Amino acid sequence: MANRQILIIDNEPLIQEAAKICLEVVANWQVITASSGAEGLVKAEREKPDAILLDLMMPEMDGISTLQKLQVNPATRRIPVILLTATVQPSDALHYQKIGFKGTIAKPFEPLQFAQEIAQILDWNL
């Protein structure tokens, strides 16, 4: 199994910690975290993770604005981004894919299935 690096951009420390533990323990992936869109943009450019999990609702810069900035930066535009949100309807998921998200994972996520959901969206072997 390839050792992947995942960047989690979420303003909720408990979500960051829960996701980090799940992915490190279950999938043996390296996880880095950011608490805001601005911090996430810096870390994405510096670290060049294999994928980004991005919260939709954040103060100052929301997930859609953060995605747009990732897409216009040549250093980050090819990094796949998965939306992590507590508010998702089937029609919303289609809209989010059209604007560039690779997929959507609902919060709260199932800890033991979390890495598998990410791998499935990104067509990775786990």
Side-chain angles (χ1 to χ4, degrees):
M1 159 178 24
N3 192 12
R4 307 277 187 175
Q5 184 182 59
I6 308 295
L7 170 60
I8 299 170
I9 305 173
D10 195 304
N11 63 304
E12 297 178 46
L14 292 176
I15 295 292
Q16 286 182 17
E17 192 60 28
K20 181 177 171 67
I21 290 168
C22 291
L23 299 179
E24 288 177 344
V25 171
V26 173
N28 197 31
W29 293 341
Q30 179 186 1
V31 177
I32 49 179
T33 60
S35 298
S36 68
E39 181 185 1
L41 293 171
V42 170
K43 288 187 175 183
E45 187 169 356
R46 184 180 65 224
E47 302 291 334
K48 306 218 181 5
D50 295 300
I52 297 171
L53 300 178
L54 178 58
D55 185 22
L56 181 63
M57 304 295 280
M58 296 184 293
E60 297 172 34
M61 185 187 313
D62 67 10
I64 292 174
S65 299
T66 304
L67 175 69
Q68 291 168 339
K69 291 182 183 300
L70 289 165
Q71 290 172 328
V72 298
N73 182 340
T76 57
R77 73 170 53 140
R78 288 186 173 78
I79 301 170
V81 181
I82 296 173
L83 184 63
L84 197 56
T85 182
T87 57
V88 65
Q89 302 297 321
S91 59
D92 294 336
L94 183 59
H95 168 72
Y96 295 139
Q97 281 188 308
K98 286 182 180 177
I99 63 171
F101 288 100
K102 295 297 179 194
T104 305
I105 296 176
K107 292 192 285 188
F109 48 83
E110 175 59 45
L112 296 177
Q113 299 301 318
F114 190 46
Q116 184 60 44
E117 282 186 80
I118 295 166
Q120 186 174 6
I121 290 169
L122 298 176
D123 198 27
W124 290 353
N125 291 326
L126 189 59

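Along the sequence shown, the residues carry numbers beginning at 1. What you are looking at is a predicted structure, and each value in this text was computed from that prediction instead of being measured. Any value given below was found using the heavy atoms of this structure, including those in side chains, with hydrogens, waters and symmetry copies removed.
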Taking the side chain as every heavy atom from C-beta outward, state whether [X] and [Y] have any pair of such atoms under 4.5 Å apart.
X     : Y      : value
Met58 : Ile9   : yes
Leu23 : Ile118 : yes
Lys98 : Leu94  : yes

- Message: So if I apply the side chain to side chain contact (heavy atoms under 4.5 Å, CB included) rule between Leu83 and each of Leu53, Ile105, Ile52, Leu56, which one comes out positive?
- Response: Leu56

Hey, could you give me the [atom1]/[atom2] distance between [X] and [Y], rounded to the nearest 0.5 Å?
X      : Y      : atom1 : atom2 : value
Asn11  : Asp62  : CG    : CG    : 11.0 Å
Leu84  : Ile8   : CG    : CD1   : 7.5 Å
Glu117 : Leu112 : CD    : CG    : 11.5 Å
Asp55  : Lys107 : CG    : NZ    : 3.5 Å
Thr66  : Gln71  : OG1   : CD    : 11.0 Å
Ile121 : Gln116 : CD1   : CD    : 10.5 Å

Count the heavy atoms belonging to other residues, nucleotides or ligands that lie under 6.0 Å from [atom1] of [X], then report whether that count exceeds 12.
X      : atom1 : result
Glu110 : CD    : yes
Arg78  : CZ    : no
Lys102 : NZ    : no
Leu14  : CG    : no

- Message: When you group the ILVMFWY residues by side-chain heavy-atom contacts below 4.5 Å and let the links chain together, are Ile99 and Leu41 in the same group?
- Response: yes

- Does one hydrophobic cluster hold both Met57 and Leu67, with members joined at side-chain heavy-atom distances below 4.5 Å? yes

- Item | Partner of Lys43 by side chain to side chain donor-acceptor pair (under 3.5 Å), out of Glu45, Glu39, Glu47 | Glu39

Distance-minimising heavy-atom pair for [X] and [Y]:
X     : Y      : answer
Asp50 : Asn3   : OD2-O, 4.3 Å
Pro80 : Leu122 : CB-CD2, 3.5 Å
Leu70 : Thr76  : O-OG1, 2.8 Å
Leu7  : Pro49  : CB-CG, 3.8 Å
Ala19 : Phe114 : CB-CE2, 3.6 Å
Ala51 : Trp124 : CB-CH2, 3.7 Å

- Task: Quick one: sort the Tyr96 and Phe101 rings into parallel, tilted or perpendicular, breaks at 30° and 60°.
- Result: perpendicular

